[in-house]
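One is the number of the first residue; the rest follow in order along the sequence.
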Amino acid sequence: MLLVGLRGADTEACAALRALLGQTDLPVVETFQAAGVVSRSLEDHYLGRVGLFRNQPGDIAISRADVLVTIGYDAVEYDPKLWNTDSSRTVVHIDALPAPIDNHYQPALELCGDVASTIRDLTAHLSGLRLDQEVLDEFGDHRRALAESDGHLRSAGPETRGGAQSRGGASRATGRPG
C-alpha cells in the first residue's frame, strides 16, 4: 500500500506516481495535503484520504497493510502514533528528506533523494505487479465504503454536511443571509 504526502504531490512526483499506479495493482491512500494525486482514470487504486478523523476507509486499509510505502510523507500531516500501531509492519520511506524517526515511525528502508526519480526507478522494478484477488476484493470493499460515505453526504442536507444555514436563511456564524 502507498501512503502519499505533500512532497509526493508536486507535478513531477505526481506524474511518476500515476505511471506507477498505471502499471501495478498497488492501492494508494493520500493525506489531505496530497489531495488529488490519484486521477479519475486511476481511481480503482484510490482508498481515500487520511489524517483527520482516523475512521475513514483509508485508515482501515492502512491498519491492515503489512507493507506501507510512504511517498513524500511528513509526520506532521498525520501523526504516525495514530496510524502505525503495528510494529511488525514494514515501512519504506521515499522522500527528499530523511524520515522523522520516532517510536511509531521507524522505516525499514529509506530512499532519500528526488521523489519523482525514485518513483520512476521503482516503477521499472514493479511494473506488472498484481495483487491476489482476495486482496483486490478487500480493497473493493474499502472503495465501496468510501463511495457510500460520499453518496450519503451528497444526498444529505446542508445540516448533515456541516452547512451553517439556519431555518431563517441566515448563517449562524455571521448572522448574514446565507
Side-chain angles (χ1 to χ4, degrees), residues 1-52 54 56-78 80 83-84 86 88-100 105-151:
M1 167 165 288
L2 306 176
L3 170 61
V4 182
L6 178 63
R7 286 184 297 275
D10 72 44
T11 304
E12 287 186 41
C14 184
L17 177 67
R18 289 177 178 178
L20 172 64
L21 294 176
Q23 295 182 35
T24 66
D25 281 345
L26 291 171
V28 64
V29 172
E30 57 191 23
T31 66
F32 281 89
Q33 290 80 359
V37 297
V38 180
S39 65
R40 175 127 358 233
S41 64
L42 296 168
E43 68 183 6
D44 285 348
H45 297 266
Y46 182 68
L47 297 178
R49 278 190 202 107
V50 294
L52 192 55
R54 204 172 138 6
Q56 302 301 302
D59 290 299
I60 296 166
I62 286 175
S63 74
R64 295 183 180 160
D66 57 346
V67 175
L68 187 67
V69 178
T70 62
I71 300 175
Y73 163 79
D74 188 311
V76 75
E77 296 176 72
Y78 190 22
W83 60 264
N84 198 22
D86 181 359
S88 68
R89 176 194 343 259
T90 300
V91 176
V92 177
H93 177 86
I94 298 174
D95 200 354
L97 302 175
Y105 193 70
Q106 299 180 16
L109 178 66
E110 291 187 54
L111 301 173
C112 293
D114 181 75
V115 174
S117 293
T118 304
I119 296 171
R120 284 191 292 270
D121 288 346
L122 193 60
T123 301
H125 294 285
L126 296 179
S127 182
L129 176 71
R130 300 296 169 232
L131 301 178
D132 293 335
Q133 189 59 47
E134 180 180 326
V135 173
L136 293 173
D137 291 345
E138 183 177 336
F139 290 144
D141 293 342
H142 292 302
R143 278 193 297 281
R144 279 187 290 284
L146 184 62
E148 288 172 13
S149 174
D150 286 348

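Looking at D95 and V115, their side chains come closer than 4.5 Å, going by heavy atoms from C-beta outward. Contact check for V4 versus V28: side-chain heavy atoms found under the 4.5 Å cut-off. L126 places none of its side-chain heavy atoms less than 4.5 Å from the side chain of Q23. In this structure, P27 and L131 have side chains that are in contact, with non-hydrogen atoms separated by less than 4.5 Å.
Every residue two or more places apart in sequence or in another chain that forms a salt bridge (Lys or Arg N to Asp or Glu O under 4.0 Å) with D141 is listed here: R144. In this structure Q106 satisfies the side chain to side chain contact (heavy atoms under 4.5 Å, CB included) test together with I101, N103, sequence neighbours excluded.
The only member of L2, L6, L47, V38 that meets side chain to side chain contact (heavy atoms under 4.5 Å, CB included) when paired with E30 is V38. Each of N84, T31, D59 was compared with Y78 under the side-chain hydrogen bond (donor to acceptor under 3.5 Å, both in side chains) criterion, and only D59 meets it. Partner of H45 under the side chain to side chain contact (heavy atoms under 4.5 Å, CB included) criterion, out of L20, V29, L21: L21 alone. When the options L17, L3, L122, L111 are evaluated for a side chain to side chain contact (heavy atoms under 4.5 Å, CB included) with I71, the one that passes is L17.
Put simply, CG on D74 and CZ on R7 are 5.0 Å apart, with the number rounded to the nearest 0.5 Å. The CZ atom of R18 lies 12.0 Å from the CD1 atom of I119; values are rounded to the nearest 0.5 Å.
In this structure a side-chain-to-backbone donor-acceptor pair under 3.5 Å is missing from H93 to P107.
Applying the 6.0 Å contact sphere to CD of E134 captures no more than 12 heavy atoms from other residues, nucleotides or ligands.
Below 30°, between 30° and 60°, or above 60°: for Y73 and Y105 the angle between ring planes is between 30° and 60°, a tilted geometry.
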